[in-house]
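The basis for the numbers below is simple: all heavy atoms, side chains too, and nothing from hydrogens, waters or symmetry mates. Residue numbers begin at 1 in each chain, while the letters A, B, ... track the order of the sequences.
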Amino acid sequence: MGTHVTINLFLTGTELILSKGAMNPVSKLVLIDGNSIAYRAFFALPLLSNSSGVYTNAVYGFTTMLLKILEEEKPTHLLVAFDAGKTTFRHKDYQEYKGKREKTPVELSEQLPLIKEVLDAFGIRHFEMENYEADDIIGTLANLAEKQQVETLIISGDKDLLQLVRDHVHVLIPRKGLSDTVRYDKKAVDDRYGLTPEQIIDLKGLMGDPSDNIPGIPGVGEKTALKLLHQFSSVEEIIAHIDQISGKKLQEKVREHQEQALLSKKLATIYCDVPLEMNIDDLIYTGYHLEKVLEIFKRLEFKSLLERFAKDSDEAAVIDVKEVKYMMATEDNLEQLAPFFQLERLAVFVEATAENPHRAEAIAFALSNGEESVYIPVSLALHWPEFQEWLADPNRSKVVYDSKKSKILLENMGLDIHGMQFDVLLAAYLLDPSETQLELSDVTDKYLGHILPSDEEVYGKGAKRQILEGEALAQHLARKAQAIYQLCPVLQQEIESAGLRSLLHELEMPLALILAEMEQRGVKVDQDRLHELGEELKKTLDQLTEEIYDIAGTEFNLNSPKQLGEILFDKLGLPVLKKTKTGYSTSADVLEKLAPQHEIVEKILHYRQVGKLYSTYIEGLKKEIGADGKIHTQFHQTITATGRLSSAEPNLQNIPIRLEEGRRIRQIFVPSEEGWYMLAADYSQIELRVLAHLSEDAALQKAFQEDQDIHTQTAMDVFGVSKEEVTPLMRRQAKAVNFGIVYGISDFGLAQNLNIPRKEAKTFIDRYFATYPGVKRYMDEAVEKARRDGYVTTLFNRRRYLPDIHSSNYNVRSFAERTAMNTPIQGTAADIIKFAMLHLDKEMKEKELKSRLLLQVHDELVFEVPEDELDLMKQLVPEIMEGTISLSVPLKVDIHYGKNWYETK
DNA sequence: GCACTCACG
DNA sequence: ACGTACGTGAGTGCC
């Protein structure tokens, strides 16, 4: 009615305007189906969110796709069309249109306004229109463009849009994910379907589309529909020649549903006469607004994109990274700089040749008072007594980033550092231990804004990494030192208000110094024994390889899960019990189930086991032995989300112990001095004891107060039997339940672990909670707290944020709930052993013991001890570890010693 | 660089 | 119906 009049008037108008726009020729038009691409992006990426909990995955995916289009297609004109409202003119014909479609998840719909903000920042037109879908807007413009012979590209995740393909109009569709795309012109449509673009409508009329609730003809899928169309060319023609359709059943179906097919075709037809009050010239793309782009990327925390834009642009430096004032210390101006050292507080940063301080050398220092910086090359630092005295003076405060690394680098060049009063890295970690981006530039971006370019930006990445020299290096280090100084008050404030002051100053910062000492001491390696074990394992490995090839009847790469899967499942026909994303699963739990069916499986399992020992623990460890015959691991203090340490280069927290064959690896770890002993002290059941304390469950507390074997006790309670009646199987199952409880139990997880039906697992859990109701209450409260506060805490107030606790995705939410249950337990245990390390270190220094702490393995401490301190340490270590913290249940420490780590059992 | 597998608590 | 046990680091294959 009125609509049609408008359209006619409008089209005339458009053509007039188009001809007027000849000064700005449209050489390439890109039309994007906004909702469809946002939808694709949302499901292609994990549910990312920025630090304020705003979901950003769809925005990110959309933006990267947009950037790719701008770069590759270089459009002169651009529009992103969105769907408006809930109903369209199509609902008049068919009320159920899109009826069964799942509601767009809130996590996605709340990102649409952000996508529009990004488009605004890029100066890209976006548009939506009451009663019409994005398709219709795109179709209308594409038709106009075709008339004008304007080269046009439509981008959508929806194949329906292929009906719009014309000589000048092409369609780009992401294949899977976002990066892989297919481009359709007329020929490509014909190659793919054997149809013209117009016939795509007929195709959908016949097939229907469940996602839009378009019925089509029931039972007709793509294959049948294509066959019919190749024969009759359109829905109307098919209906006109129903009796010529081959196959009686099909004929029946078409006859019965012909009206429905015609309606479906109508619904699938993109409406190309939308009364748009715009023309193609209005869609001109003139480039993005840098400041706006940087602002929104910063807000969304799109770091990689930020860097890309900051780097590509000359203006970026002006906008963001200011030059910093600095002086370069030289032989001649030392006196001039001396007053600097009288300041109450200075930031100090030391740059090194590599990440790992045990294999790096210091290059230069930078000091800052927040406004001015001083750059000091190492060569100068080494003979500048005033500087060295300042470093070593505990009464002159230093602010640092990474005190552990700084201390190691300095000590390796013979310098002492004391008075590190604030560690920016540790503070940032405690404020959010889930944060994986903790480089200085990341911390600065987060708390101060972009005033410091990242090392990667300045030095380059990977093989291209090249530490600068001269002024460029001085400027960068001056910026770093200034950033550290300026971060201090900001982080201090944050730490204070989060109640993390004592955790930072009385736990993590002093611990960093102890860890530095442990790393520097290193652990001595018995290299003869290492070679011996290596030879032995190699022999076993060769023999197993030969036997496996023999049984398989062919040689293949045993280390390739892909090739192994082909042998086991294709060649030998073993049943496929589990699949991975990419193919057959050949993991140990699968192979163990297959072992009875074929002799080869057991040998493969053994090969895997020995192969792991050889490559990771023989060859791997050999590479890590230093010139001093020792291994110097790094204990990372800011990696885990729970507060535990981690160990790397090499990891000394995962040296084999469970199987005897691997356990012998521990024989290579020996005391560094003749006649000394290795001594290991481990907390017994610390996590369950912590649980007993946190949950205040009377029965669990009683079990520990009476020092019962906890797994046997759990078996008695859960199975309702006496101690004597507990079978080894019952104890094993009870043990798995206890593990499950600590991990935040689910019947599914327990069932998988015990290889029992899920129902049975559920019974175990129900009985457990009936026996220990306090534990049940604690678990519920932990989840409740996470929902209420957004985070959970340990006994010592270490916190971990759990934004996913509110997710509408069951899996994501469940994971967060289990984390809410597990983190206070694992984290409190981590806090306790850290405190114990502090107390032990203090005690050992006061007593002037020669014994040394070497390793921490989560619930275990490993020392090297001279023979004459053995008795003392055997008594002192458990006493301090058990007495560090007083809980409602006792802590218990077991102690072992021997001539190497293996013997400490 | 990612997927898979496996070593530890 | 969904479909994971919690926390790590390292070696290998393969794109």
Colleague: Output the single nucleotide from dG7(C), dT5(B), dT4(C) whose closest atom is nearest the side chain of R818(A).
Modeller: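 Side chain of R818(A) sits closest to dT4(C).
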Colleague: Taking R798(A) as the fixed residue, which of T828(A), D831(A), T823(A) is the one that meets the side chain to side chain donor-acceptor pair (under 3.5 Å) rule?
Modeller: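 That would be D831(A); it is the only one of T828(A), D831(A), T823(A) passing the side chain to side chain donor-acceptor pair (under 3.5 Å) with R798(A).
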Colleague: Within the modelled atom types, does a donor on one side and an acceptor on the other bring the side chain of Q653(A) and the base of dC8(B) under 3.5 Å apart?
Modeller: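 No such pair is found, so the answer is no.
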Colleague: Measure distances between side-chain N and O atoms of R658(A) and base N and O atoms of dG9(B), and say whether any donor-acceptor pair falls under 3.5 Å.
Modeller: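 Donor-acceptor pair under 3.5 Å: yes.
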Colleague: Answer yes or no: does a side-chain N or O of R608(A) lie under 4.0 Å from OP1 or OP2 of dT12(C)?
Modeller: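 So the side-chain polar atoms of R608(A) never come under 4.0 Å of the phosphate oxygens OP1 or OP2 of dT12(C).
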Colleague: For the ring pair F863(A) and Y897(A), is the centre-to-centre distance below 6.0 Å?
Modeller: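 Not close enough - the centres of the two rings lie 6.0 Å or further apart.
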Colleague: If you look at every strand shown and take non-hydrogen atoms under 4.0 Å, does L645(A) touch a base, only sugar-phosphate, or nothing?
Modeller: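 Nothing, no heavy atom under 4.0 Å.
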Colleague: Would you say whether F748(A) stacks on dT4(C)? The test is a distance between ring centres of less than 5.5 Å and an angle between planes of less than 30°.
Modeller: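 Stacked: centres under 5.5 Å apart, planes under 30°.
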Colleague: Rounded to whole Å, how long is the line connecting atom CG of N559(A) with atom P of dA10(C)?
Modeller: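 For the pair N559(A) CG and dA10(C) P, the rounded distance is 19 Å.
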Colleague: Should the pair K622(A)-E619(A) be classified as a salt bridge under the 4.0 Å nitrogen-to-oxygen rule?
Modeller: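 E619(A) and K622(A): salt-bridged.
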Colleague: Below 4.0 angstrom from OP1 or OP2 of dC4(B), is there any side-chain N or O of T586(A)?
Modeller: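 Answer no for this pair, as no side-chain N or O of T586(A) is under 4.0 Å from OP1 or OP2.
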Colleague: How many Å lie between CD1 on I604(A) and P on dC6(B), as a whole number?
Modeller: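 So the CD1-P distance, I604(A) to dC6(B), works out to 11 Å.
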Colleague: What nucleotide, of dG9(B), dC15(C), dT8(C), holds the atom closest to the side chain of K562(A)?
Modeller: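 Shortest atom-to-atom distance from the side chain points to dC15(C).
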Colleague: Name the nucleic acid region contacted by A830(A), choosing base, sugar-phosphate or nothing; use a 4.0 angstrom heavy-atom cut-off, strictly under.
Modeller: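 Result for A830(A) = nothing.
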Colleague: Determine the contact category for G744(A): base if any of its heavy atoms lies under 4.0 Å from a base atom, sugar-phosphate if only primed atoms, P, OP1 or OP2 are that close, otherwise nothing.
Modeller: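 Touches nothing.
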Colleague: So does E781(A) pair up with K776(A), basic N to acidic O under 4.0 Å?
Modeller: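 Judged by the 4.0 Å cut-off on N to carboxylate O distance, E781(A) and K776(A) do not form a salt bridge.
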Colleague: Would you mind reading off the distance between L750(A) atom CG and dT4(C) atom P, rounded to a whole angstrom?
Modeller: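 Atom-to-atom, L750(A) to dT4(C), this comes out as 16 Å.
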Colleague: Starting at atom CG of L691(A), determine the distance to atom P of dC6(C), rounded to an integer number of angstrom.
Modeller: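 Checked: the CG to P distance equals 17 Å.
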Colleague: Using a cut-off of 4.0 Å on non-hydrogen atoms, how would the nucleic acid contact of V742(A) be classed: base, sugar-phosphate, or nothing?
Modeller: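 Answer is nothing: V742(A) stays at 4.0 Å or more from every strand.
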Colleague: Could you tell me whether K578(A) and D589(A) make a salt bridge, using a distance below 4.0 angstrom between a side-chain N and a carboxylate O?
Modeller: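 The answer is yes: the pair qualifies as a salt bridge.
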Colleague: Can you tell me if the side-chain N/O atoms of S646(A) get under 4.0 Å from OP1 or OP2 in dG9(C)?
Modeller: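 For dG9(C), OP1/OP2 do have a side-chain N/O of S646(A) under 4.0 Å.
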Colleague: So, under a plain 3.5 Å distance rule, would you say the side chain of S587(A) forms a donor-acceptor pair with the base of dT5(B)?
Modeller: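 No.
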Colleague: Can the ring centroids of F764(A) and Y768(A) be said to lie less than 6.0 angstrom from one another?
Modeller: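 No; Y768(A) has its ring centre 6.0 Å or more from that of F764(A).
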Colleague: Applying salt bridge (charged side-chain N to carboxylate O under 4.0 Å, His left out), run through R777(A) and E784(A) and close with a yes or a no.
Modeller: CA-CA 10 Å; R777(A) 195 176 342 108; E784(A) 179 52 35; over 6 Å; no
Colleague: Using OP1 and OP2 only, check whether a side-chain N or O of S746(A) sits under 4.0 Å from dA5(C).
Modeller: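 Looking at the OP1 and OP2 atoms of dA5(C), neither is under 4.0 Å from any side-chain N or O of S746(A).
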Colleague: Any idea which of dA5(C), dT8(C), dC6(C) is nearest the T819(A) side chain?
Modeller: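 Nucleotide nearest to T819(A)'s side chain: dC6(C).
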Colleague: Would you check if there is a donor-acceptor pair between the side chains of E519(A) and H358(A) at a distance under 3.5 Å?
Modeller: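 Yes, a side-chain donor-acceptor pair sits under 3.5 Å.
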Colleague: Remember a base hit wins even if backbone is also touched, and classify A816(A) as base, sugar-phosphate or nothing at under 4.0 Å, heavy atoms.
Modeller: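 No contact.
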Colleague: Let me know the distance between CG of L861(A) and C1' of dC8(B), rounded to the nearest Å.
Modeller: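 These atoms are roughly 16 Å apart.
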Colleague: Under the 6.0 Å and 45° cation-pi test, does R465(A) pair with Y459(A)?
Modeller: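 No, cation not above the ring by the 6.0 Å, 45° rule.
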Colleague: Rounded to the nearest angstrom, tell me the gap between atom NZ in K612(A) and atom P in dC4(B).
Modeller: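 About 16 Å, once rounded to whole Å.
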Colleague: Any side-chain N or O of N654(A) less than 4.0 Å from the OP1 or OP2 oxygen of dG9(B)?
Modeller: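 No, no such contact exists.
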Colleague: Using atom CG of L568(A) as one end and atom C1' of dT5(B) as the other, report the distance to the nearest whole Å.
Modeller: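 It is 14 Å, rounded to the nearest whole Å.
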Colleague: Under 5.5 Å between ring centres and under 30° between planes: true for Y810(A) and the base of dC2(C)?
Modeller: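 It does not: the two rings, one from Y810(A) and one from dC2(C), miss the stacking criterion.
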Colleague: Taking OP1 and OP2 of dC14(C), is either one under 4.0 Å from a side-chain nitrogen or oxygen of S560(A)?
Modeller: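 For S560(A), the contact criterion (side-chain N or O under 4.0 Å from OP1 or OP2 of dC14(C)) is met.
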Colleague: For N557(A), which contact category applies under a 4.0 Å heavy-atom criterion: base, sugar-phosphate, or nothing?
Modeller: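 Result for N557(A) = sugar-phosphate.
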Colleague: Picking from dG7(C), dT4(C), dG11(C), which would you name as closest to the side chain of N811(A)?
Modeller: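 Nucleotide nearest to N811(A)'s side chain: dT4(C).
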Colleague: Between dC6(C), dA3(B), dG3(C), which nucleotide has the shortest distance from any of its atoms to the side chain of K581(A)?
Modeller: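 Nearest nucleotide to the side chain: dA3(B).
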Colleague: Give a yes or no on whether a salt bridge exists between R787(A) and E817(A), defined as a side-chain N under 4.0 angstrom from a carboxylate O.
Modeller: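 Result for this pair is yes, salt bridge flagged.
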Colleague: Dot-bracket for DNA chain C, please. Rules: Watson-Crick or G-U, both distances under 3.5 Å, ( ) within the strand, [ ] when a pair crosses earlier ones, | for another strand, . otherwise.
Modeller: .....|||||||||.
Colleague: Distance between the P atoms of dT4(C) and dC4(B), in whole angstroms?
Modeller: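 Roughly 13 Å separates the two P atoms.
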Colleague: Counting only side-chain heavy atoms from C-beta out, which of dA5(C), dG7(C), dC8(B) sits nearest to I657(A)?
Modeller: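 My answer, after comparing the listed nucleotides, is dC8(B).
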Colleague: What contact category does L613(A) fall into here, base, sugar-phosphate, or nothing, at under 4.0 angstrom with non-hydrogen atoms?
Modeller: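 Here L613(A) touches no strand at all.
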Colleague: Could you tell me whether R800(A) contacts a base, only the sugar-phosphate backbone, or nothing, with contacts defined as non-hydrogen atoms closer than 4.0 Å?
Modeller: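 Sugar-phosphate, no base atom in range.
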Colleague: Give me the distance, rounded to whole Å, that separates dA5(C) from dA3(B) when you measure between the P atoms they each carry.
Modeller: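 Rounded to whole Å, the distance is 16 Å.
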Colleague: How many Å lie between OH on Y607(A) and C1' on dC6(B), as a whole number?
Modeller: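 Computing the Y607(A):OH to dC6(B):C1' distance gives 14 Å.
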